[in-house]
Number of protein chains: 2
Amino acid sequence: MSMATDSTPHANRRITLADIAAGCDVSRATVSLVLRDSPLVNKLTRARVEQELRRQGYVYNRAAANLRRRTSSSIALVLNDLANPFFAEFAAGVDEALGGAGYVTLLGSTGESVAREQAVLGSLLEHDPAGIILSPAEGSVAARVLATVGMRTPLLLFNRELAGEAPPDAPWDRLMLDNQRGARLATEHLISLGQQRIAFFGGHQSSSSCQQRHAGYVEAMQAAGLPIEPHWRIECAPNRVDAAAQCGALFFDTPAPTAAVCYNDAVALGLMLGLYQRGVRPGRDFAVTGFDDIAEAALSAPPLTTLAATPRARGRQAAELLLLRLRDPQAKPQRTVAPVQLVVRASSCPPPAA
Amino acid sequence: MSMATDSTPHANRRITLADIAAGCDVSRATVSLVLRDSPLVNKLTRARVEQELRRQGYVYNRAAANLRRRTSSSIALVLNDLANPFFAEFAAGVDEALGGAGYVTLLGSTGESVAREQAVLGSLLEHDPAGIILSPAEGSVAARVLATVGMRTPLLLFNRELAGEAPPDAPWDRLMLDNQRGARLATEHLISLGQQRIAFFGGHQSSSSCQQRHAGYVEAMQAAGLPIEPHWRIECAPNRVDAAAQCGALFFDTPAPTAAVCYNDAVALGLMLGLYQRGVRPGRDFAVTGFDDIAEAALSAPPLTTLAATPRARGRQAAELLLLRLRDPQAKPQRTVAPVQLVVRASSCPPPAA
DNA sequence: AGCGGAATTTGGATCGTTCCAAGTCGAAAA
DNA sequence: TTTTCGACTTGGAACGATCCAAATTCCGCT
């Protein structure tokens, strides 16, 4: 009874352990041991199996393995705005570190919508990630997040706090920027240049990061004994367009400021645009600082003094922190504050000689 | 015999179908039918099961389901440079479209390294993605990619061609930008402003997109009967820093150009920086065009004339194309060329009056 | 009461891997 | 020769879902 053994298996069927086992006449268990470099298998057997693996073009099925081992090898990364270069760099950093540790990144972007955030989290959870890194959408609420994420999956919060009370028993770690100190550094820098009438420009009071930055500004002003006028605090959406539009508000009232600490770089760039339009030259007639040090900051005219948050390094750090948590699920929740660094460029200047 | 039924299951065990089934006294099969909205189950039973699902906080295990059904619900997205806003936007578009179709995005970024690309592809494949979207690293070779990806998993190539012959039987679709036409449009635009000595600046000869853009430039120059000097072609890495550094090379030799068609926006922005540093004002003394229309292009000083590639829409399109392929694995490979649109801004100007 | 058929429900096999307890085998020890 | 031991190897039961064929229940009708 002859039999044409089809040694080239049908092109569109997944090759499994059983195929390899059959192909070199050992058991599935042995092949599995080979795959995992177990010292148990005999050298010769190992060689035979390895050759067969190559011959058939075997691809490991991690999902099946994870199912059996009750483990996971993925981490979910949920971002409020992937299109923002700051978060894109962050994502690159996360992926870099996770990849190095053998994890795969499940991506989800929410476009700053709380509803999508819910949906995305739910969908990613079905893939059983070992952990989650979340930069929440504006207005995302702790209780809702807890309800969908549950308590089985460690969560690392990046960049923003959630609204409402953090559930006391949820082991959520956080990685935040040192907003207050950053804004204080910027303000102190302007003061050291001789500035006295300094405004705080942009952002919304409701945002935790804006509150913190404003607090840093106030701290520096008070430490220097400088007065703060109420009309030196201008709110606007954290983007260029709105910032440019609100520029005029700085000069409605006297005494007008001669410098502004801006909520972030986008706002600062918008403000500079607005200043140009009213004939005020930023970096000469009016000093401006930003926050983030996005790539454009170095290339604007004039280049922007700002605070570097090194998003790629933050991404790596976020990944590290989460991996740490996975190693020790019982450790108590950590709150990490990443330092920011003042980068002095030409947009900050002394006040015009009176 | 009393028995404390622990109705709140141990916090750290995954809830499975069996738990739900036991909890409301039906079989696993029935619960499964409920989960999948089968019309077979009785209304009352369904209600009972659904309540139990909520009560126990059940989370679907898609990996297990995929294993049994021999399906996959993820797509791998492998990018050569996530930190580039162009690709970040692209990724956002991909994720948006995939999420809408019920797929999850497995992210991998290669940092423009062929070795990492291999590693990342290998690792992602173990997670059995339904398909792959790949924007290859510079120098990535078709044969190597085929060897690791195999023929089971559909691949969509974005943005760049692979080096070497595409394997004839691999059903790889492509989505490319209309590089040649784009560069031609930019060049024609400069010519229509009266420019005659136009350089082609940036990128590497080895990259397919760079070749195509250069070809478009040559095409326009020749059509206008304008000469091209060899020293008007300056190579540099496609980033700002290197572009700024190479700026001087434009003026080593005579006749010096009075305009440059740049490989992309990053290069164009870097070039403008370099020009400023040598006292040449882009948009007045020297015309510059870019490619991509990244967000910064509209906001640089002067705003950059460039070609809009609408990366977010490209991302959605890439996802659509791949989904189409999944629906019909046999269809013959498609090559799609996405149009680009000339956006005229202030960086392009007539040559200075001689 | 008994029957046929629709409506529901269900046990068990299965997806591709890992774990585990138990097996084989050859050589050294008794 | 038998026993023992270390070095390998292996069958079968998991993991958590789905599929399928068969079983059960429920009804209306003779």
Notebook entry, point to check: Has B:T45 got a side-chain N or O lying under 4.0 Å from the OP1 or OP2 atom of C:dT8?
Noted result: no
Check: Are the side chain of B:D173 and the backbone N or O of B:Q334 linked by a donor-acceptor pair below 3.5 Å?
Finding: yes
Note to self: What I want to check is whether an N or O donor and acceptor connect the side chain of B:R28 with the base of D:dT18 at under 3.5 Å.
What the structure shows: yes
Checklist line | Angle by which the axis turns from one end of the helix from C:dA1-D:dT30 to C:dA30-D:dT1 to the other, five pairs per end, to 10 degrees | finding: 70°
Margin query: Please report the distance, rounded to the nearest Å, between CG in B:L67 and C1' in C:dA13.
Written below: 13 Å
Checklist line | Distance-only polar pair, side chains of A:S72 and A:D128, donor-acceptor under 3.5 Å | finding: no
Next item on the list: Classify the side chain of B:R68 versus the base of C:dT14 as yes if they form a donor-acceptor pair under 3.5 Å and no if they do not.
Entry: yes
Next item on the list: Identify, between A:N61 and B:R46, the residue whose nearest nucleotide on DNA chain C lies closer to the 5' end.
Entry: B:R46
Notebook entry, point to check: Between C:dT18, D:dT18, C:dT10, which nucleotide has the shortest distance from any of its atoms to the side chain of B:L33?
Noted result: C:dT10
Next item on the list: Kindly indicate, with the supporting measurements, whether the criterion side chain to side chain contact (heavy atoms under 4.5 Å, CB included) is fulfilled by A:C24 and A:Q51.
Entry: CA-CA 9 Å; A:C24 55; A:Q51 170 174 345; over 6 Å; no
Item checked: Check against side chain to side chain contact (heavy atoms under 4.5 Å, CB included), A:E89 and A:R314 -> CA-CA 9 Å; A:E89 278 274 1; A:R314 279 332 114 226; over 6 Å; no
Next item on the list: May I ask you to verify if any side-chain N or O of A:T16 is less than 4.0 angstrom from the OP1 or OP2 atom of C:dG16?
Entry: no
Margin query: Please pick, from C:dT8, D:dG16, C:dT18, the nucleotide with the shortest atom-to-atom distance to any side-chain atom of A:R69.
Written below: C:dT18
Note to self: Rounded to whole Å, how long is the line connecting atom CG of B:L40 with atom P of D:dC20?
What the structure shows: 13 Å
Note to self: It should be established whether B:R36 places a side-chain nitrogen or oxygen under 4.0 Å from OP1 or OP2 of nucleotide D:dC19.
What the structure shows: yes
Next item on the list: Identify which nucleotide among D:dG11, C:dG16, D:dC20 has an atom closest to any side-chain atom of A:A29, counting heavy atoms from C-beta outward.
Entry: D:dG11
Nucleotides 21-24 of chain D: which of its N/O atoms have a protein N/O under 3.5 Å away?
none

Check: For A:L326, which residues count as a side chain to side chain contact (heavy atoms under 4.5 Å, CB included) partner, sequence neighbours excluded?
Finding: A:I75, A:Y103, A:A130, A:P154, A:L323
Notebook entry, point to check: Hey, are A:T16 and A:N61 close enough side-chain-wise for a donor-acceptor pair under 3.5 Å?
Noted result: no
Margin query: OP1 or OP2 of C:dT9 versus the side-chain N and O atoms of B:S27: is any pair under 4.0 Å?
Written below: no
Check: Is any side-chain nitrogen or oxygen of A:R70 closer than 4.0 Å to OP1 or OP2 of D:dA14?
Finding: no
Notebook entry, point to check: Just to confirm, is there a sub-4.0 Å distance from OP1 or OP2 of C:dT18 to any side-chain nitrogen or oxygen of A:S32?
Noted result: yes
Item checked: Stepwise side chain to side chain contact (heavy atoms under 4.5 Å, CB included) check, B:Y58 with B:D19 -> CA-CA 9 Å; B:Y58 172 79; B:D19 296 314; over 6 Å; no
